[in-house]
Amino acid sequence: MANPVFEAVRTVLAIRDFDGKEIPDDVVRRIAESAHLTASASNRQPWHFVVVREQEGLRKLGSLVRTGPYTAKAAAAVIVAYEKESGQYGLSDASRAIQSIILTAWAEGVGSNWTGFAPMDAVRQEFGLPDTYDVLAVLPLGYPTRKVLGKKKRKPFDEVVSAERFGTPLR
Ligand SMILES: Cc1cc2nc3c(=O)[nH]c(=O)nc-3n(C[C@H](O)[C@H](O)[C@H](O)COP(=O)(O)O)c2cc1C
């Protein structure tokens, strides 16, 4: 039986080339809602998501995040921030929201990727986030330039999954 969630996990890839086509408003909204709806420790939701669609903002993100210059050519981007005082929990919560965003986007045919890592103070300041937040990631969004196949490079399954105790293969 087809499992659409597993299919998204199986096929999603980091997308770094975008075709320049705009993403419809309702799709952007759904992607943002997937972040909003994500679970967090004690339901504290210690995060904020800034959706950037204006060219100038996208260009700025591309120049501020050294490992994600291609955000300049994305159709949109989400800045993911979490409250500093939420510590390790906030980091986990925001990471989970990032996975929601990436998978929801992928299910809509929109590619994305995680770029950068906390703290990104220049991004925080440029986009007006208070200094009680750390920016964890910038996620460029856009339609991939070419058809991508879900070919993953991963360690062998048995190297990273055990049954009952470390080192016993799952059958
Ligand atoms: C926590 C995290 C940080 C990442 N940071 C970057 C980054 O700064 N720039 C980038 O181009 N890709 C980044 N990536 C993407 C990974 O390099 C990519 O997902 C990984 O190589 C596996 O490739 P795949 O997603 O296509 O299977 C990051 C991924 C994660 C999970």
Side-chain angles (χ1 to χ4, degrees), residues 3-21 23 27 31-32 34-35 37-41 45-53 55 57-84 86-127 129 133-161:
N3 173 334
V5 177
F6 179 71
E7 269 314 286
V9 172
R10 190 182 71 80
T11 57
V12 67
L13 290 171
I15 300 300
R16 300 182 176 90
D17 288 309
F18 306 103
D19 75 357
K21 213 173 82 194
I23 306 170
V27 174
I31 290 168
S34 76
L37 292 170
T38 297
S40 56
Q45 307 159 67
W47 46 42
H48 199 91
F49 308 95
V50 180
V51 178
V52 179
R53 300 176 81 180
Q55 286 253 317
L58 294 167
R59 267 201 293 270
K60 199 136 263 174
L61 287 171
S63 69
L64 289 176
V65 185
R66 193 182 44 81
T67 54
Y70 47 89
T71 298
K73 297 206 167 138
V78 182
I79 301 168
V80 179
Y82 68 101
E83 292 166 9
K84 283 179 184 165
S86 65
Q88 299 279 12
Y89 290 109
L91 188 64
S92 306
D93 297 335
S95 299
R96 189 167 171 180
I98 289 169
Q99 184 75 339
S100 298
I101 291 171
I102 289 174
L103 291 178
T104 300
W106 190 250
E108 298 277 357
V110 174
S112 62
N113 193 22
W114 179 320
T115 73
F117 208 79
M120 285 187 265
D121 234 35
V123 173
R124 181 185 65 70
Q125 285 180 29
E126 184 66 41
F127 291 84
L129 283 145
Y133 288 89
D134 270 341
V135 171
L136 173 59
V138 171
L139 314 178
L141 298 163
Y143 295 97
T145 44
R146 56 203 129 79
K147 199 162 165 46
V148 274
L149 299 169
K151 187 89 189 94
K152 310 239 187 207
K153 282 194 215 143
R154 296 292 186 262
K155 292 179 181 177
F157 183 84
D158 287 346
E159 195 179 318
V160 297
V161 180

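Residue numbers run from 1 in the order of the sequence given. We count ligands from 1, going down the list as the structure has it; atoms in each ligand are counted the same way.
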What I want to find out is whether Asp93 reaches Arg96 closely enough, with some N-O distance under 4.0 Å, to be called a salt bridge.
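Not counted as a salt bridge, because no side-chain N and carboxylate O are separated by less than 4.0 Å.
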
Is atom 3 (C) of ligand 1 in close reach of the protein, with a heavy atom under 4.0 Å away?
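Yes, there is a protein heavy atom closer to it than 4.0 Å.
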
Is at least one protein non-hydrogen atom found at under 4.0 angstrom from atom 21 (O) of ligand 1?
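Given the 4.0 Å cut-off, atom 21 (O) of ligand 1 does not count as touching protein heavy atoms.
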
Backbone, side chain, both or neither: what part of Lys153 comes under 4.0 angstrom of ligand 1, heavy atoms only?
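It is neither part, as no heavy atom is under 4.0 Å.
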
Nearest to atom 5 (N) of ligand 1, what protein heavy atom do you find, and at what distance?
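Protein heavy atom at minimum distance: Trp114 O, 3.3 Å.
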
Starting from atom 17 (O) of ligand 1, find the nearest protein heavy-atom neighbour and note its residue, name and distance.
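I find the closest protein heavy atom is Arg16 NH2, 3.4 Å.
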
Got a sec: does the CD of Gln88 have more than 12 other heavy atoms crowding it under 6.0 Å?
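Not more than 12 within 6.0 Å, no.
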
For Lys84, is the NZ atom crowded, meaning more than 12 foreign heavy atoms sit under 6.0 Å from it?
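Yes, NZ of Lys84 has more than 12 neighbouring heavy atoms, counting only those of other groups under 6.0 Å.
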
Out of Thr71, Leu58, Val78, which one pairs with Leu141 under the side chain to side chain contact (heavy atoms under 4.5 Å, CB included) rule?
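Looking at Thr71, Leu58, Val78, the match for Leu141 under the side chain to side chain contact (heavy atoms under 4.5 Å, CB included) is Val78.
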
Give the ring-plane orientation class for Tyr70 versus Phe18, where under 30° counts as parallel, over 60° as perpendicular and anything between as tilted.
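Ring orientation, 0 to 90° scale: tilted.
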
List every atom of ligand 1 that sits less than 4.0 Å from any heavy atom of [X], numbering the atoms from 1 in the order shown and giving each element.
X: Asn113; answer: 10 (C), 11 (O), 12 (N), 13 (C), 14 (N), 15 (C)
X: Thr67; answer: 7 (C), 8 (O), 9 (N), 10 (C), 11 (O)
X: Tyr70; answer: 9 (N), 10 (C), 11 (O), 12 (N)

Please state whether Arg154 comes within less than 4.0 angstrom of ligand 1, counting heavy atoms only.
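Distance cut 4.0 Å: Arg154 passes for ligand 1.
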
Check whether any heavy atom of Gly116 sits under 4.0 Å from an atom of ligand 1.
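It does; at least one heavy atom falls under 4.0 Å.
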
Looking at every heavy atom in both Phe49 and Ile101, which two are closest together, and how far apart are they?
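That closest heavy-atom pairing would be CD2-CD1, 4.3 Å.
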
Which atoms form the tightest heavy-atom contact between Pro119 and Asp134, and what is the distance?
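In this case the closest contact between Pro119 and Asp134 is CB-OD1, 3.5 Å.
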
